[in-house]
Peer 1: 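Below: one structure in structure tokens.
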Amino acid sequence: MKRVLAVVLLGFGLTAGAVMANVEDEIRSRIAPVGEVCMQGDECGAAAAPTQTASSGPRPGPEVYDAVCMACHTTGAAGAPKKGDAAAWAPRIDKGMETLISHAVNGFNAMPAKGGCASCPDEEIANAVEYLVSESK
């Protein structure tokens, strides 16, 4: 009986050790760094620093909408008027494009400035507003 108990306990011990090693490996993989910083002029293995290309100008309204605005203006999150909802957009459109663009650039009610896209130039935000209005009349 003692031998059986010893074998069973040994089996549990080996299994628990294997499980713990597996869990530790999973933890290590989750907290591992996701990348390295590579400064210009440093050799960072095969990875090359990305080259910056010149911008061809501001993005068109539909592209900005898809990248920045659609999360709220498709779902109506935080009271955002949905794209295509003429009734919701009519009183806003009546205030004029200048006001709509100002609200989009500077923020208004629950909408953050530039819809949260701090790196977007004002002209791109204006393009997105013009697109939203054209799709919502």
Side-chain angles (χ1 to χ4, degrees):
M1 183 68 166
K2 288 183 182 180
R3 287 185 186 178
V4 172
L5 183 58
V7 170
V8 169
L9 290 176
L10 181 62
F12 281 130
L14 292 176
T15 304
V19 169
M20 287 303 293
N22 190 27
V23 169
E24 288 176 4
D25 289 342
E26 289 177 11
I27 291 171
R28 280 190 195 94
S29 70
R30 285 195 301 261
I31 63 173
V34 293
E36 295 179 18
V37 175
C38 182
M39 302 298 286
Q40 186 173 4
D42 291 348
E43 284 197 34
C44 298
T51 57
Q52 291 183 341
T53 57
S55 174
S56 60
R59 295 179 289 174
E63 187 177 327
V64 178
Y65 172 82
D66 289 342
V68 180
C69 312
M70 76 178 279
C72 295
H73 287 284
T74 299
T75 63
K82 293 181 182 180
K83 179 179 109 175
D85 184 350
W89 278 97
R92 292 166 171 89
I93 292 170
D94 289 343
K95 292 180 181 178
M97 286 301 291
E98 187 175 313
T99 300
L100 285 173
I101 292 170
S102 173
H103 287 170
V105 169
N106 300 312
F108 186 73
N109 292 334
M111 182 176 151
K114 297 184 177 185
C117 180
S119 64
C120 292
D122 292 355
E123 189 173 355
E124 286 186 359
I125 301 301
N127 292 346
V129 170
E130 290 168 0
Y131 169 72
L132 265 168
V133 168
S134 72
E135 296 289 311
S136 302
K137 287 186 176 182

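The figures here come from the full heavy-atom set of this structure, side chains too, leaving out hydrogens, waters and symmetry mates.
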Peer 1: Got Arg92 and Leu100 here, is their nearest side-chain heavy-atom distance under 4.5 Å?
Peer 2: yes
Peer 1: Shared ILVMFWY cluster between Val133 and Met70, side chains joined below 4.5 angstrom?
Peer 2: yes
Peer 1: Which pair of heavy atoms, one from Ile93 and one from Ser136, lies closest together, and at what distance?
Peer 2: CD1-O, 4.4 Å
Peer 1: Look at the SG atom of Cys117 and the SG atom of Cys120, then say if they are under 2.5 Å from each other.
Peer 2: yes
Peer 1: Report whether Phe108 and Val129 are members of the same hydrophobic cluster (ILVMFWY, side-chain heavy atoms less than 4.5 Å apart, transitive linking).
Peer 2: no
Peer 1: Do Trp89 and Glu135 come close enough that some side-chain heavy atom pair is under 4.5 Å?
Peer 2: no
Peer 1: Same cluster for Leu132 and Ile101 if Ile/Leu/Val/Met/Phe/Trp/Tyr side chains link at under 4.5 Å?
Peer 2: yes
Peer 1: Would you say Asn127's side chain and Arg59's backbone share a donor-acceptor pair under 3.5 angstrom?
Peer 2: yes
Peer 1: First locate atom NZ of Lys114, then atom CD of Glu124, and finally report the distance between them rounded to the nearest 0.5 Å.
Peer 2: 9.0 Å
Peer 1: With hydrophobic residues grouped by side-chain heavy-atom distances under 4.5 Å, do Ile125 and Met111 end up in a single group?
Peer 2: no
Peer 1: Could you give the distance from NZ (Lys82) to OG1 (Thr75), rounded to the nearest 0.5 Å?
Peer 2: 7.5 Å
Peer 1: What are the two closest heavy atoms between Ala86 and Lys137, and how far apart are they?
Peer 2: CB-C, 4.0 Å
Peer 1: Can you tell me how far the CZ atom of Arg30 sits from the CG atom of Asp25, to the nearest 0.5 Å?
Peer 2: 11.0 Å
Peer 1: Are Tyr65 and Thr74 close enough that some pair of their side-chain heavy atoms sits under 4.5 Å apart?
Peer 2: yes
Peer 1: To the nearest 0.5 Å, tell me how far Asn22 CG sits from Ile27 CD1.
Peer 2: 10.0 Å
